[in-house]
Structure formats: C-alpha cells, structure tokens
4 protein chains.
Amino acid sequence: MTDNRAESNGDRPARAKRLPRAVRERQILDAAVAVFSQRGYHAASMDEISEVAGISKPMIYAYLGAKEELFAACIQREATRLVEAIAGVVDESLPPREQLWRGIQGFFAFVADNRDSWRVLHRQAGTQGEPFAAELTAGRKRAISVIGLLLEHAAQAQGVGSFAEGQTEPLAAGLVGAGESLADWWLDHPEETPKAMSGRLMNLVWMGFGNLVQGTGWRPSQAEDAGLQRSDEVSA
Amino acid sequence: MTDNRAESNGDRPARAKRLPRAVRERQILDAAVAVFSQRGYHAASMDEISEVAGISKPMIYAYLGAKEELFAACIQREATRLVEAIAGVVDESLPPREQLWRGIQGFFAFVADNRDSWRVLHRQAGTQGEPFAAELTAGRKRAISVIGLLLEHAAQAQGVGSFAEGQTEPLAAGLVGAGESLADWWLDHPEETPKAMSGRLMNLVWMGFGNLVQGTGWRPSQAEDAGLQRSDEVSA
Amino acid sequence: MTDNRAESNGDRPARAKRLPRAVRERQILDAAVAVFSQRGYHAASMDEISEVAGISKPMIYAYLGAKEELFAACIQREATRLVEAIAGVVDESLPPREQLWRGIQGFFAFVADNRDSWRVLHRQAGTQGEPFAAELTAGRKRAISVIGLLLEHAAQAQGVGSFAEGQTEPLAAGLVGAGESLADWWLDHPEETPKAMSGRLMNLVWMGFGNLVQGTGWRPSQAEDAGLQRSDEVSA
Amino acid sequence: MTDNRAESNGDRPARAKRLPRAVRERQILDAAVAVFSQRGYHAASMDEISEVAGISKPMIYAYLGAKEELFAACIQREATRLVEAIAGVVDESLPPREQLWRGIQGFFAFVADNRDSWRVLHRQAGTQGEPFAAELTAGRKRAISVIGLLLEHAAQAQGVGSFAEGQTEPLAAGLVGAGESLADWWLDHPEETPKAMSGRLMNLVWMGFGNLVQGTGWRPSQAEDAGLQRSDEVSA
DNA sequence: GATGAATGAGATTTCATTCAT
DNA sequence: CATGAATGAAATCTCATTCAT
C-alpha cells in the first residue's frame, strides 16, 4: 500500500531505475505470483501487481501482456519449477518405491520453500470458464499420469500383472489430492517438518497401495454392500 | 461473453407472482449456487444470478443481502446438505469401518446428485482474503476433524492404543483431499458409478490405514533417508 | 462541461428522473450524434456523450451497447432519416428530371435541418480500419446505385439508348461527391438558401448530363491528348 | 489487433546508422503518411509509425515534434506535392479548357501514384475540433479557389462576363467533390485507366459548365418550383 | 546521436448496489 | 411487494511522451 521503493528522494516516486528486460520480467512474475496467490485470479488487480513489483502498469503490459497472459506465464513458470524440483531429486534407476519417496519429499520441500507458487498452482485449479483453465488442468493431468506410470511400474516390479487396467489413474488422482490436501493442512501447522509430511503421505499411499497390488484390496461385505442404494435411481 | 444488454422486448416478463418468502429464498439460492459454481465467486455477476433466478436484483438484496452474504448463504446451505446427506447414511452404532464405507458412499452419492453444490464447496476453497474464506475453511476443518475422530475410534477398536497423538488429523486431511480429487477426476469420467468411486477411495484409505493402525507403517530405510536435505537449510 | 441538468437542487447532481426506455434511447442517440459529429469517432469520448445526454455512462451501455454499436446505431438512424426525407419528396410517377430536382432539394433541406446528422454521415465515411466502415460504405454505394438508375431512366426517356454501359455508376458517384462537397461548402456559407444550393447542384449535374446523354460529350482534341503520359510508366 | 508487444528477440535490430537529418525526416514522413492514411489520425499510434519508419520514437519527437505537428507536416508535404504535380502539367499560356483538362489529368495521375497521400488529404477533412483542422481546410480552400479562378478565366474567354459573382466558388467546390468521389470510386475499380477517369470528370464538369457559361443554365419550371417548401419554415 | 526503458493520464467497459415508481 | 431505471467506483488496457544510458 505504502510506497516502499528505495530512495524516495524527497518528493515524488522517482522514476524507477532502468533495468534490463530479463530482470524486470522476473520482478513482475514474482509480484504476480504473490498477488495471484493471495487474492485469486479475479480479485487480483493489475494495479496491485504493479505496485508490488515496484513498476508501472504499462511495463507489465509491454513485457508480459494482458492479465490472462500474465497469469498463464505465472502458471507456466511455477509449474516448471515444481516439476524440475521433483525431477531433480528423482533417480530413475532406483526402484519405484524409492522414487516415490524421493518425489514426495521433493514435492513437500518445494511447497515449503514456495508457498505462493504452490497456492497459485493449486488453488486456482477449478476456475472454470477461464481461458487458462486448460493450462492448469493440463498440468494437473500430466502430473497424475506421471504418477500413474510410476504406480504401474511398481505393480510390475512386484510381479503383479493383474493390476486392473484403468485403476492406476484414479488412484494417482487420489494420491495427488491427498498430497495437496496435506500441503494445505501444513499451512496451518508450520511447525511440522517436510520430512514428517512426506512420511505421512508416503504411508498413506504406499501402505494402501502395497496392499492393493498384492491383491488384498478391501471389498465390502455383503451386509455393507446392501446398505445403500444408488442415489440417482431415487432422485431421478 | 454473452450479451447481457436488456432488450426492449415487447412482451414484458409479467411481474412475478407474490410468493412466500421461503420459496423465493430457495429460488435465489438455487440460482446463486448454479452461477457461483460455473463462474466462481468473482466472475459471477448479480445480474446473471437474478436472471437465472427469474427475480429482480432488488429482491435478492432484500432477501439475502449483498453478494458476499449471498455467497456465504450458499456455502452454508450446501455444506449443511452435504453433511446431512452423509450423516443420514451413517449409523453410529456400526463398527468404524462400516461407518467409513457408508460415509464415503454418501459423499459420492451427494456429489453425483449435486455437482454444482460440490463445485461451490470445493473449488472456491482457497480464495484467501475474502471474508467468507473463514466459512469455507471452517467447514472443511469440521469435516476433517469428524473423520479424524472416526479414524481414532477405528484405531481403538482394533486395540491399537499406541496410535500416535496428532496423527489422525493429517491423515484425515489426506483422506478428504483424496476424496475431493477423486470426485474431480470423476467429473471427467462420468461413466463411472458412485459405487466404483467409493470403492476406490475406500481401498486407498482403508488398506493404507489398515496397515498403519497395525503398526506396519512404512518407514524409509537408512539409504532412503539420507538422500535429501531440508531444502530451506540450503536455500536460506 | 457544466451541469446543465434542470433542478440542480442545491447539492449534488441529483439522480436523473426515471424515464421510459424509449425516451432515454432517443436522448442518448441525439447526444451521440452531436458529439460524434463534432469530434469524429475516435476523438469522441463516452464520457462526453453521457454528459451531453445528461445521463450516466452505464445507462448508455445498457441501452445501446459499446461505443462501436452506439456509433452504428447513430449511422443507421441518421441514414434512415436522410433516405426517408428524400423518399418523402420524390414521386416516382414524375419524369426523371423532376425526380432528380426534388431529390436534390430534399437532400439540401435535410442537410439544412440536420447539420450534425449530415456530418456524421459524411465526415466519418473513410475512417478505414474501423469495423463499421462497411456500414457507411455500403450506404454510400446504395445511394450511388439508386442515382445511377435514375440517370439511366433519364437517358432512356430522352431516347438515348446508346448511353454506354457502366457509365452511369461513376457519373452517379461524381454527382454524389459534388453534392457532399457543396453541402460542405454550405457549412461555411450558411447564408445561402437550400434552394440556391439545390439549383447549383442541379445545374452542374443536369446540364452536364443533359449534354452527355445527347451524345455531345466532350472529347480531347489530338493536341490535348498528347500532352500527358501515364505517370506510372515513368515512376515504376 | 496486432500484437505490439516488444519481443525479447536475441538478434537486436542493430542501432540505425547515422543519417543526415533530411533523409531521416523523409523516412519518418513517409511512414507517417502511410499510417495516418490507413488508420486515421486518432487511431494511428506513434508506436506504429516509428515501427514502420524503422526509427525509434524519440527521434521522431526530436525531428518532427509531437503527433499533431507530425500530422500537420504530413498534410503540408502532401498538399504541396499534389499542388506541384498539377502545376507541373498546367501551362498558363494555354486556353482555359485545355488547362482544366491537363489539371484533371494531373490530379488523377497523382492519385494513382499516391493513394496514401490522397487519402490523408481527403479522408481526414472534417475532423473538426482538432488544431490542425485549419491546415486541412486551408489547403482545400486554396485548391477550390484556384479552380474557381480557372473557371472564371474560362467564362471570360467565352465572352460571358455576366457570370454571376460568387458562382464560381461553389461550382469549384462541387467539382472538387466530384473529383474526390470519382477517385474514391476508382479505388474499387482499379482496372480503369487514369485517362478514362479524367475523361469522366472532364465531361461532367465541362459539359455542364459549358452550358452554364453560355447562359443556358437549367432552371426549374413553375410546376417544379412549387413542389417543395423550405423545410425550416415548417420544422422551426 | 540514438534508443530501450519508463510512466502519467485517460479511454472503454463492467459491476455491485440503490432509488423511485 | 416488486421492479426498471439509475449510478459511483473501479478494473483493464493503451497511448503520447520523456528520461537516462
């Protein structure tokens, strides 16, 4: 809100120093991520972004285009950073379980260091009708399918070929959701370490998955099964 | 996008009949849920809501207050409906596992029948800075803590008293997130039955949880443990 | 600039009285024609139009849409008025010359009474690149072709069938241009009567045309013909 | 419409060579005429002009001043060019009719070779309220009065001294308008040769004028005269 | 001399909200 | 009670213009 630019030399805001384009672009993206993260896409205003970036609006438009494009640029940059953070710690030569463990650790480490990035990626996911929804959804789906593959490898490694087709993807979706939700919960419990968080998710995922791939999946007993009707048969 | 301009159509809409207040409020809330669900809070316009509701804007203000209050009312109504839908199928006298199974079924049945409600509850969750964020977060936390309790009961029922304090809540959070994510995935795979979805979540949760409560939780081997450092120790 | 609304009761601008839609639409169009006429499309601002109309901008958008649509509406209304003004005095049963004379009189009478309308129709005609340019050009072409027909009838009435094909249209274009230019000149010489103006145009058109249809068209002598080269043969 | 954003292209445009001022000014004016012609004064942007000119904006300001001055400079240069093009082919020692014929040919030749120049001179004619309107109107009036003189000479040459005072100017205006309109029509019929166009205008003008100067001007019959009332007597 | 970087000011458009019939 | 009519305020985006390197 207040003018926190350095060198407020007496009178007026003092034209910002001339900086190379790359630097300014980074500044702008940083500010945009922060503001989008805090306010959400629609509530974020270009005015606030420009203020936070310490630069005037026209420069934002000149360098990164209109609001939508700016947002897309944020998404892309942060998604890339997240993917690289995880890819950087995963070693494909390791057995699947270890890969998963490292990946999960990488994820929580990234979230720990980049709360804003994470929020932008996570919290805007469903703003349907927006033109960039595709971008977000696509990223999410890519993540899910990568994890799905990992699960499939794990299943094969354990010699369980019977793992039903089409089962990995929804499970991966559940896993990603669990991770997101845990990361959210973490926001309210900052005293937890990344490793503790990672351990929780790994347990939830692996122990459940460990049983599933061994064919010991849970199934409702006959009594449990009879209890509920399909709701749409009633409501229709 | 759509052409909202009023049209000077000769056949005027015929002043709405005088209806009891409760009916009107329901109409309005139904419309509001639909519009908020499709557009998101900010992109939704009072104009569209009033149009969908078939009621003029001043009435909306008279009955349900300003946009924020209206949104809060939507959240509250839908949250209550979801909670009641689940509560309606859970029988507290049953063993925890069965309760969980029924609860999960109730959840997916509700989502199946009320996509809009679900979207409003789920997709707007993180619009931080808004005054109603509290409302949403609170509902979510309530849900998590209820499930946490359930898990704790289950643990006790299996005679596992050593289940560490403070472990249930994050697990419950993970569970809720997995459920949300699966429900999202479902939106793209409408051919799946509610029961199939419920089965997936139950497996993920219970088989993992089943092992956890029996003390067979997974823990990284020493090699796995050494691999990663806390990122903030480095980046700081 | 100043607030010329009636009843400036003491303090603030006093919300405009509630008027039926049709009345307001007329007010708005009147104001828009005046402002577009004076400033031109681009230099005209919605702010000024709303000020002149004595109504707030949102009403303009509600009733007549965005700037472009508003301008198109102006064009359409004024073009229709001009056409009707002329059509109202032309009697198709009369001989062509008399029709032309009456049409020309109608034209100048309209311009006399509606300087602004005329300016909007005439002066914006060539703002190329605008999406409404088509609308204007189309109207102009329609006018030219109508006059072309009239000329053709006149030629036939004089028993001159040999009037070369494709000659009427450019002549009509010339006639229209002459009319526009005379009308422009009139703006600077308001003391002239409509009848005097009409007479001038009629003379220019008819006497020239009168000779043309009788085959007494002028043609350069050989000496005159040799004088100039096609410029593009040189400049190319 | 076009994407004006600066692009961070690796291969930079290579700082323009130091050129003599006159050359630079010509480059700039050429670009400005092209852009003003296509877009109109207001819609033209200094950015586009500088881009088309291949010279940075600050140079434009240094050499030719602000937008308005630049536009005025365009008008002046193009008007001069047009006048010179016509003056170059007119030989004052020739009889008036031949002068007129040559002048008309010169006009269409110029328009053929300089569409943009012509459009700038013609299409912006009525942007009233702008400070450069004077410049435009002045140029136009000069042209009209030159032609008026020519007509007057022709009248005297034919021994018609009674040609009423004040008649030449409006006729000249009509002639100029007819020329403009024919030039416009030409834009849509590029297959026509300059000579054909010239012939059309000459015929329209001269044959009409030829009769006028001989006192055989057309006058409404009594019946025709009675048909219409002055509109302002009614509407006032 | 030449330019990339920078901005104040203003344009169009929309929206939540309220008055007056 | 019910609504069409009305608006203040703010958001996005563009443009002419000027520093500072």
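Residue numbering restarts at 1 for every chain, and letters A, B, ... go by the order of the sequence lines.
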**Student:** Of the options dA5(F), dT3(F), dT17(E), whose atoms approach the side-chain atoms of Arg24(C) most closely?
**Tutor:**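 Shortest atom-to-atom distance from the side chain points to dA5(F).
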**Student:** Using the side-chain heavy atoms of Pro58(B), tell me which of these nucleotides is nearest: dT3(E), dC19(E), dA6(F).
**Tutor:**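 Given the options dT3(E), dC19(E), dA6(F), the side chain of Pro58(B) is closest to dC19(E).
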**Student:** To the nearest Å, give me how far apart CG (Leu64(C)) and P (dA6(F)) are.
**Tutor:**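 Roughly 13 Å, once rounded to whole Å.
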**Student:** Expressed in angstrom and rounded to an integer, what is the separation of Glu48(B) atom CD from dA16(E) atom C1'?
**Tutor:**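 Rounded to whole Å, this separation is 15 Å.
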**Student:** What's Met46(A) touching, base or sugar-phosphate or nothing? Going by heavy atoms closer than 4.0 Å.
**Tutor:**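 Sugar-phosphate: the residue Met46(A), judged by heavy atoms under 4.0 Å, touches backbone atoms but no base.
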**Student:** Let me know the distance between CD of Glu69(C) and C1' of dT13(E), rounded to the nearest Å.
**Tutor:**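 Answer to the nearest Å: 12 Å.
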**Student:** Would you kindly give the CD1-to-C1' distance between Ile60(D) and dC15(F), to the nearest whole Å?
**Tutor:**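 Checked: the CD1 to C1' distance equals 14 Å.
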**Student:** Of the nucleotides dG10(E), dT3(F), dT13(E), which has the atom closest to the Ala66(C) side chain?
**Tutor:**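 Per side-chain heavy atoms of Ala66(C), the pick is dT13(E).
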**Student:** Rounded off to whole Å, could you give me the CE-to-C1' distance for the Met59(D) and dA5(E) pair?
**Tutor:**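 Distance, rounded to whole Å: 15 Å.
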**Student:** Expressed in angstrom and rounded to an integer, what is the separation of Glu51(D) atom CD from dC15(F) atom C1'?
**Tutor:**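 One finds 14 Å between C1' of dC15(F) and CD of Glu51(D), rounded.
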**Student:** Taking all non-hydrogen atoms of both residues, which atom of Ser50(B) and which atom of Ser56(B) are closest, and how far apart?
**Tutor:**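 Shortest heavy-atom separation between Ser50(B) and Ser56(B) comes out as CB-C, 4.3 Å.
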**Student:** Of the non-hydrogen atoms in Lys57(A) and Met46(A), which two are nearest, and what is the gap between them?
**Tutor:**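 For Lys57(A) versus Met46(A), the nearest heavy atoms are CG-O, 3.9 Å.
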**Student:** When rounded to the nearest 0.5 angstrom, what distance separates CD1 in Ile75(A) from CG in Leu70(A)?
**Tutor:**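 It comes to 10.0 Å.
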**Student:** Out of dA6(F), dT12(F), dA16(F), which has the shortest distance to the side chain of Leu19(C)?
**Tutor:**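 My answer, after comparing the listed nucleotides, is dA6(F).
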**Student:** Side chain of Arg18(C), heavy atoms from C-beta onward: which of dT7(F), dT3(F), dT17(F) has the nearest atom to it?
**Tutor:**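 My answer, after comparing the listed nucleotides, is dT3(F).
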**Student:** Write down the atom of Leu64(C), the atom of Glu69(C), and the distance for their closest heavy-atom approach.
**Tutor:**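 Answer, listing the atom of Leu64(C) first, then Glu69(C): O-CB, 3.7 Å.
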**Student:** Tell me: CZ of Phe36(D) to P of dC15(F), nearest whole Å?
**Tutor:**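 Phe36(D) atom CZ is separated from dC15(F) atom P by 13 Å.
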**Student:** Of the listed nucleotides (dT12(F), dA6(E), dA16(E)), which one gets closest to any side-chain atom of Lys67(B)?
**Tutor:**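 Taking heavy atoms from C-beta onward, the closest nucleotide is dA16(E).
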**Student:** Can you identify which nucleotide, out of dG4(F), dG8(F), dA5(F), has its nearest atom closest to the Tyr63(C) side chain?
**Tutor:**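 Per side-chain heavy atoms of Tyr63(C), the pick is dA5(F).
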**Student:** Looking across every strand, which nucleic acid part, if any, lies under 4.0 Å from Ala62(B) by heavy atom: base, sugar-phosphate, or nothing?
**Tutor:**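 Result for Ala62(B) = nothing.
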**Student:** Which of parallel (below 30°), tilted (30 to 60°) and perpendicular (above 60°) describes His42(A) and His42(B)?
**Tutor:**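 Geometry flag for His42(B) against His42(A): parallel rings.
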**Student:** Taking the side chain of Arg21(C) as its heavy atoms from C-beta onward, which of dA5(F), dT18(E), dT3(F) lies nearest to it?
**Tutor:**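 It is dA5(F).
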**Student:** Counting heavy atoms from C-beta on, name the nucleotide in dT7(E), dT14(F), dT3(F) closest to the side chain of Tyr61(A).
**Tutor:**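 Output: dT14(F).
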**Student:** Can you list every stem that DNA chain E is part of, counting only runs of 3 or more consecutive Watson-Crick or G-U wobble pairs with both distances under 3.5 Å?
**Tutor:**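 Listed by first number, the stems are E:2-21 with F:2-21.
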**Student:** Assuming nearest nucleotide by heavy-atom distance, tell me which of Ser56(B) and Ala44(A) is located more 5' along DNA chain F.
**Tutor:**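 With Ser56(B) and Ala44(A) compared, the 5'-side residue is Ser56(B).
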**Student:** Looking for any heavy atom pair under 4.0 Å, which part of the strands does Ser45(A) touch: base, sugar-phosphate only, or nothing?
**Tutor:**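 Contact class for Ser45(A): sugar-phosphate only.
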**Student:** Once you round it to whole Å, what is the distance between P of dA16(F) and NE2 of His42(D)?
**Tutor:**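 Rounded to whole Å, this separation is 9 Å.
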**Student:** Can Lys67(B) be said to sit on top of Tyr61(B)'s aromatic six-ring, NZ or CZ under 6.0 Å from centre and within 45° of the ring axis?
**Tutor:**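 The answer is no; the distance or angle limit is not met.
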**Student:** For Arg39(D) and Ala43(D), work out which heavy atoms get closest and say how close.
**Tutor:**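 Arg39(D) and Ala43(D) have their closest heavy atoms at O-CB, 3.3 Å.
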**Student:** From the list dT3(E), dT12(E), dA6(E), which nucleotide is the closest neighbour of the side chain of Lys57(C)?
**Tutor:**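 Of dT3(E), dT12(E), dA6(E), dT12(E) is nearest to the side chain of Lys57(C).
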**Student:** Considering heavy-atom distances to DNA chain E, does Gly65(B) or Asp47(C) have its closest nucleotide positioned more toward the 5' end?
**Tutor:**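 Nearest-nucleotide comparison on DNA chain E picks Asp47(C).
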**Student:** Looking only at heavy atoms, what is the nearest atom pair of Gln27(A) and Leu19(A), with distance?
**Tutor:**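 Residues Gln27(A) and Leu19(A), closest heavy atoms: NE2-CD1, 3.8 Å.
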